[in-house]
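This report refers to the structure that appears directly beneath it.
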Amino acid sequence: MFARLPCPRFTKQPSISGCVRRFSQSTIRRTIRQGPLAGVTVVSLEQAIAAPFCTRQLADLGARVIKVERPGVGDFARQYDTRANGLASHFVWTNRSKESIALDVKKPEDHAVLMRLVGKADVLVQNLAPGASARLGLSFEALKKTHPSLIVCDISGYGQDGPYRDKKAYDLLVQSEAGMLAVTGTGQEPAKVGISIADISAGMYAYSNILAALLQRAKTGHGSHIDISMLECMVEWMGFPMYYAYNGAPGPVPAGASHASIYPYGPFETGDGSVMLGIQNEREWANFCTLVLNQPDLTTDARFANNSLRTQNRDALKKIIIKSFADITSEEAGRRLDKAAIANANVNDLQGVWEHAQLRARGRWRDVQTSEGVLPALLPPGFGAENGAFDARMDPIPKVGEHNESIMAELGISR
């Protein structure tokens, strides 16, 4: 049994919603159906993608997220591009529903404000350069005596110790260290995943660990330290190819958009484009030969008798499939595949995703306010469009330092 300790400033048994050190609620968005993290305050010294993506998920669930930024320039991700109505695409994606306070934390007066903020927070998140957080007095060890219920989440490239601790880490570099480039591309040259997958994985593991830490705190009253390494998150996601190459065996051969160890699985050209399809078992293979290719004799072809042989003889099989598809459209190929209960998909460009019929039919799009006007934003996965238990928080994207005045007023500071 965990010891039942009272939460600071509360006398009743702690809970996720009750064991919070609250600011005035004047700036917290109130809705009829508040999210489960309403009343939880997160202070984040964040930049780029990993930490901002984590804290946006917390904000989606109703947490108050106070983003600490550099005066003037703010999070450097604000300057990545100007593609979203003049705002940076990465920043728009990861920073809605937050408050921005601009502080030069190297100045004593601004550092004092930061420490006041931390003293009223439930969660502290940071992904600053290696060692920067500790130099600011924000390590878990430095804070746990004065703030015993505080949850501290550090996100870094390689973790808080070990020989790689002080190495700079960007998404591409971590993908490379984790072996991702060994399994992507075509084999002719390495290719990274086209999105910031190492940052995203770190952000999502930080998010899930923070939720677990809040549950743990509800039992014990104690905060905890979460040490998120981008490398470790990425290597976890590399589990299949690592076991495939276990004990010195050769790893999967990079296969472009195809699957390295299942065939046919990937894109195939038709008369007017491409269709993506995947065969997972022998029943599907038989249906594919008979109902899609109209070549039932292929089911007894010794070259293709099982998945291993189809993978070994993929070049020959690909020629057969492309020849069969050459005189039909991708739409007709999709109809045949659906009739045969074969998994398939369109090969969409990004405009095709913006207009995706399934997303529109399920009411997944909302409007989010920005300093440059309204932008569309996707409801977080898992939130019901109409009948969920609570509403996703979809508040504006802040300007740098937009909330300095209101936050300072809450802290009783006048400047």
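For the numbers below, each heavy atom of this structure counts, side chains included, while hydrogens, waters and symmetry mates do not.
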Within-4.5 Å side-chain heavy-atom neighbours: Arg336 and Leu293: no

Cationic N near anionic O, under 4.0 Å, Lys120 to Glu410: no

Flag, side chain of Arg366 to backbone of Gly363, donor-acceptor distance under 3.5 Å: yes

Note, Asn95 side chain near Glu46 side chain (heavy atom, < 4.5 Å): yes

Derivation of the side-chain contact (heavy atoms from CB on, under 4.5 Å) call for Met276 and Asn346: CA-CA 6 Å; Met276 190 77 68; Asn346 298 314; over 6 Å; no

Test item: Ile262 and Ile279 side chains (from C-beta on) under 4.5 Å apart, heavy atoms: no

Atom pair CG (Asn306) and CG (Asn281), whose distance is rounded to the nearest 0.5 Å: 12.5 Å

Plane angle bin for Tyr80 and His90 - parallel if under 30°, tilted between 30 and 60°, otherwise perpendicular: perpendicular

Distance in Å, His403 NE2 paired with Ile66 CD1, rounded so as to fall on 0.5 Å steps: 9.5 Å

Exercise: identify the closest heavy-atom pair between Asp367 and Pro376: OD1-CA, 4.5 Å

Flag side-chain contact, heavy atom, 4.5 Å: Leu124 against Ser44: no

Trace of the side-chain contact (heavy atoms from CB on, under 4.5 Å) decision for Val193 with Met180: CA-CA 8 Å; Val193 177; Met180 178 65 72; 3.8 Å; yes

Neighbour count above 12 (heavy atom, 6.0 Å) for Arg83 CZ: no

Parallel, tilted or perpendicular: ring planes of His259 versus Tyr265, cut at 30 and 60 degrees: tilted

Verdict with reasoning, Asn127 to Gln47, per side chain to side chain donor-acceptor pair (under 3.5 Å): CA-CA 7 Å; Asn127 70 330; Gln47 55 196 357; 4.9 Å; no

Straight-line distance of Gln126 CD to Ser139 OG, nearest 0.5 Å: 10.0 Å

Non-hydrogen atoms of Tyr164 and Glu177 that approach each other most closely: CE2-OE2, 3.4 Å

Neighbour count >12 (heavy atoms, 6.0 Å) for atom CD, Glu269: no

Arg70/Asp75 ion pair, N-O < 4.0 Å: no

Flag for Asp104-His111: side-chain donor and acceptor within less than 3.5 Å: no

Donor-acceptor contact below 3.5 Å, side chain Gln312 vs main chain Leu309: no

Residue pair Val275 / Leu337, side-chain heavy-atom distance below 4.5 Å: yes

Closest approach of Tyr207 to Leu61 (non-hydrogen atoms, all atoms of both residues): OH-CD1, 3.2 Å

side-chain contact (heavy atoms from CB on, under 4.5 Å) between Ser261 and Phe240, intermediate numbers included: CA-CA 11 Å; Ser261 59; Phe240 140 64; 3.9 Å; yes

Enclosure of Glu405 CD (heavy-atom neighbours >12, cutoff 6.0 Å): no

Ile226 and Ile210, any side-chain heavy atoms less than 4.5 Å apart: yes

Exercise: do Ser100 and Glu402 side chains pair donor with acceptor under 3.5 Å: no

Side chain Glu189, main chain Gly185, donor-acceptor under 3.5 Å: no

Phe304/Tyr263 aromatic ring centres below 6.0 Å: no

Whether Ser176 side chain and Leu172 backbone form a donor-acceptor pair below 3.5 Å: no

Interatomic spacing from NZ in Lys219 to CG in Leu214 - rounded to 0.5 Å: 12.5 Å

Mutual orientation of the aromatic rings belonging to Tyr205 and Trp237 [parallel < 30°, tilted 30-60°, perpendicular > 60°]: tilted

More than 12 heavy atoms from other groups under 6.0 Å of NZ on Lys318: no

Pair Lys98-Thr55, side-chain donor/acceptor within less than 3.5 Å: yes

Within 6.0 Å of CD in Gln79, more than 12 heavy atoms from elsewhere: yes

Gap between atom SG of Cys153 and atom CG of Asp227 - 0.5 Å precision: 8.5 Å

Stepwise salt bridge (charged side-chain N to carboxylate O under 4.0 Å, His left out) check, Lys319 with Asp315: CA-CA 6 Å; Lys319 290 178 181 178; Asp315 290 342; over 6 Å; no

Minimal non-hydrogen separation, Ser330 against Thr270, with atom names: N-OG1, 3.2 Å

CG on Asn344 to CG on Asp338, rounded to 0.5 Å: 4.5 Å

Any Ser274 side-chain heavy atom under 4.5 Å of Phe268 side chain: no

Donor-acceptor contact present, side-chain Arg64 to main-chain Glu99, <3.5 Å: no

Asp171 (side chain) donor-acceptor with Ile197 (main chain) under 3.5 angstrom: yes

Any donor-acceptor N or O pair under 3.5 Å, side chains Ser89, Asp81: yes

Electrostatic pair Arg217:Asp122 at N-O distance under 4.0 angstrom: yes

Side-chain touch Ile228/Cys233, heavy atoms, less than 4.5 angstrom: yes

Step-by-step side-chain contact (heavy atoms from CB on, under 4.5 Å) determination, Leu150 to Val123: CA-CA 6 Å; Leu150 181 66; Val123 181; 5.7 Å; no

Shortest non-hydrogen separation from Ala77 to Ala88 and the atoms involved: O-CB, 3.2 Å

Check: Ser196 side chain, Asp199 main-chain N or O, donor-acceptor pair, under 3.5 Å: no

Glu282 bridged to Arg310 by N-O distance under 4.0 Å: yes

Check: Ile321 main-chain N/O paired with Ser324 side-chain donor or acceptor under 3.5 Å: no

Aromatic plane relationship, Tyr246 with Tyr243 - under 30° parallel, 30 to 60° tilted, over 60° perpendicular: tilted

Short N-O contact, Asp391 and Arg33, less than 4.0 angstrom: yes

Heavy-atom pair of closest approach, residues Ala202 and Met230: CB-CG, 3.7 Å

